[in-house]
Amino acid sequence: MSNYLFELKEGLIIAFKAIRANKARAILTTLGVVIGICAVALMSTTIKGMDIAFEEGISSLGSDNLYIDKWAWFSDEEFWKMRNRKNLKLSDYEKFKNLAQLPIAVAPTLWIVKKVEYGNNYVEGTLITGSTDEYLKTTNFDFDEGRFFSAIESKSSRNVVVLGKEVADHLFKSKNASEKYIKISGIKFKVVGILKKQGSNLLGNFNPDKQVYMPIGAVFKHFERASNRSIAIIIRAQNTSMVEATKEEAEDIMRRIRGLMYDEENDFSINQQEGLTQNYNKTVGVIKIAGLLITGLSLLVGAIGIMNIMFVSVKERTREIGIRKAIGAKKRTILTQFITEASTICLIGGLIGLILAILLSMAINKFLPTSIQFDTVILAIIISLITGILAGFAPAYTAAKMDPVEALRYE
Amino acid sequence: MNIINLENITRIYQLGSEEVRALDGISLRIDKNEYVAIMGPSGSGKSTLMNILGCLDTPTSGKYDFKGINVSDMSDNELAEIRNREIGFVFQTFNLLPRSNAFHNVELPLIYSGIHSLKRKEIAKETLTSVGLEDRLHHKPSELSGGQRQRVAIARALVTTPSIILADEPTGNLDSKTGGDIMLLFNAIHKQGNTIILVTHEEYIAKHAKRIIRLLDGKIERDEKNE
């Protein structure tokens, strides 16, 4: 072991000498690894950033929420089967709310899509969530201005709205929005509050920043007939460990409300954000693998560059190898020497690439919450070392198995 | 005590379909503290013989005992070890590492035999001093004259206190004055009890040796004392 360490140390000294002797070449070769490691490190942080953004988005929706719906969100259940289910009505919600013991909040929701206007500004296709004041308790919303609509406003189906940050910015630019009136399908609604930016574009239209909230009664009054649409019921469990129990209770109550016999299937679905997470993992999983493969390719190109230059270096130093062998270098010694040299180049390249990636991630941080973590740093260093060892092996092996007589004769 | 014992050594090269018998049944004994010159015209097999004596190459057939140990079928690594501990090479073209200074060149064989830094430095410095280069330790080969380079090479050959010094045309690239100085150095090294084998085609160089072996067409033509 100490012998190996000894050879490693000598190998390092030789490696630094060789690199110094061919500066321009070493810099160009290193560049490939710099780019490769930088790309891999950035890609892995970006992926991490996406995960963090998604988790933050999910938690802004309330992570312990269950959704009773006519439709199963993430299941392979057949469409026609669910279509034939009875609609969930507001009366179902009332019954459910009275019976449920475990949830800390129960709220009905109905989603519609409308154009919202203020003066000449408008946002097409805005998702409008109709609910009650209790909806707030199912979320982790903070407010920039104002408040959520009150119980009284909810009960009496007043024309009041709460705006998501992006919607408000579009309609009012930088002007104050509170107490102003916006128009939806020509009907006036008073703005009572504006949400703080929740910030997750990964949720698409479900991003609260892009939504408008109003009392569910107002939705039915102006836009939908109660008999046409099925609502969903949002239930918030006390905490994550209570989600399962809350779900079981909800299923039980719903079966009672629907008057189902013990052998009948549920004619409703209880959805969980877990489904959203699974869906996210499924989609993003592909992107992750593709991203890492592509950036991995750039690292591979860098490694091939190293291998190439090491072959040239071995050829050029044939005589040196002959001399070393004549005075007693073993195969292993020569092998160690050239692998060490390749690894040193890769390691230096890896470190530069890493520094570059850290700088770039600071720029990306403006769009996605990314920052290079300690484990990424360690991983990048290990990867660049392994790259060097793999890229250096073939050239080093050619050097190690050279015939000393031939090598000494080489001009 | 005999150091080298060759018995009926042949070395055959395959050049395309043609067989070249570079060495053809060489038997030879060299004892401790001998000073031998191997002579012969080019193509006589002296380089091949030197490569085999120096354990850089192995014979096609025959037996080679080095200090009583059969080296004819040793592995590459074992041969590397023998070269490191038992043989000191001096080449016509010096064969120093161009990027390393004199000191590091001399230190290198000690690195390969795993001797640790402090002791290594001491021995290397001592050896360089013994060839008169104590004030050139940190010069690179390109900063040294031909004679000085060959002295560095001789120091490198001596540094592991090997059983034999193998010198292949050591004065071939030097002017006659410097070459003469180098030969005096070899004579002194021989007087200290070392065994020297000199490969040359110059009569006046061979005259320094105490025994001259003449090769012709891969065979020993003559083997005589030179007193």
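Chain naming here is simple, since letters A, B, ... match the order of the sequence lines and numbering starts at 1 in each.
For NZ of A/Lys288, the number of neighbouring non-hydrogen atoms (other residues, nucleotides, ligands) closer than 6.0 Å is greater than 12. Heavy atoms of other residues, nucleotides or ligands lying less than 6.0 angstrom from CG of B/Leu15 number more than 12. Remark: B/Lys121 NZ is packed, more than 12 non-hydrogen atoms of other residues, nucleotides or ligands lying under 6.0 Å away. More than 12 heavy atoms of other shown residues, nucleotides or ligands fall within 6.0 angstrom of atom CD in B/Gln14. Counted within 6.0 Å of OH on B/Tyr13, heavy atoms from surrounding residues, nucleotides or ligands total more than 12; the atom is thus considered enclosed.
For the set B/Glu81, B/Arg85, B/Glu78, the entry with the most heavy-atom pairs within less than 4.5 Å of chain A is B/Glu81.
Contact detail for B/Ala80 and A/Ala329: the closest heavy-atom pair is CB-O, 3.8 Å. Across every non-hydrogen atom of B/Tyr112 and A/Thr333, the tightest pair is CE2-CG2, 3.4 Å. Here the closest heavy-atom approach between residue B/Asn77 and residue A/Lys331 is recorded as OD1-N, 3.4 Å.
Rounding to the nearest 0.5 Å gives a distance of 7.0 Å between CD1 of B/Ile111 and CD1 of A/Ile13. Note that the CG atom of A/Leu408 and the CG atom of B/Asn51 stand 8.0 Å from one another [nearest 0.5 Å].
With 3.5 Å as the limit, one finds no donor-acceptor pair spanning the side chains of B/Ser47 and A/Arg409.
Residues of residues 52-60 of chain B that come within less than 4.5 angstrom of chain A, heavy atom to heavy atom, are B/Leu56, B/Asp57 in numerical order.
The shortest distance between side-chain heavy atoms of B/Leu97 and A/Arg324 falls below 4.5 Å. The closest side-chain heavy-atom distance from A/Lys325 to B/Arg83 is below 4.5 Å.
At a 4.5 Å heavy-atom cutoff, the contact between B/Asn95 and chain A is made by backbone and side-chain atoms alike. Interface remark: B/Thr160 contributes no atoms to any contact with chain A (heavy atom separation under 4.5 Å). In this structure, chain A has a heavy atom under 4.5 Å from the backbone of B/Leu96, while its side chain stays farther away.
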Could you go through residues 385-406 of chain A and list every donor-acceptor pair under 3.5 Å that involves a side-chain atom there, pairing it with any protein atom two or more places apart or in another chain?
from, atom 1, to, atom 2, distance (Å)
A/Thr387, OG1, A/Ile383, O, 2.6
A/Thr398, OG1, A/Ala394, O, 2.8
A/Thr398, OG1, A/Pro395, O, 2.8

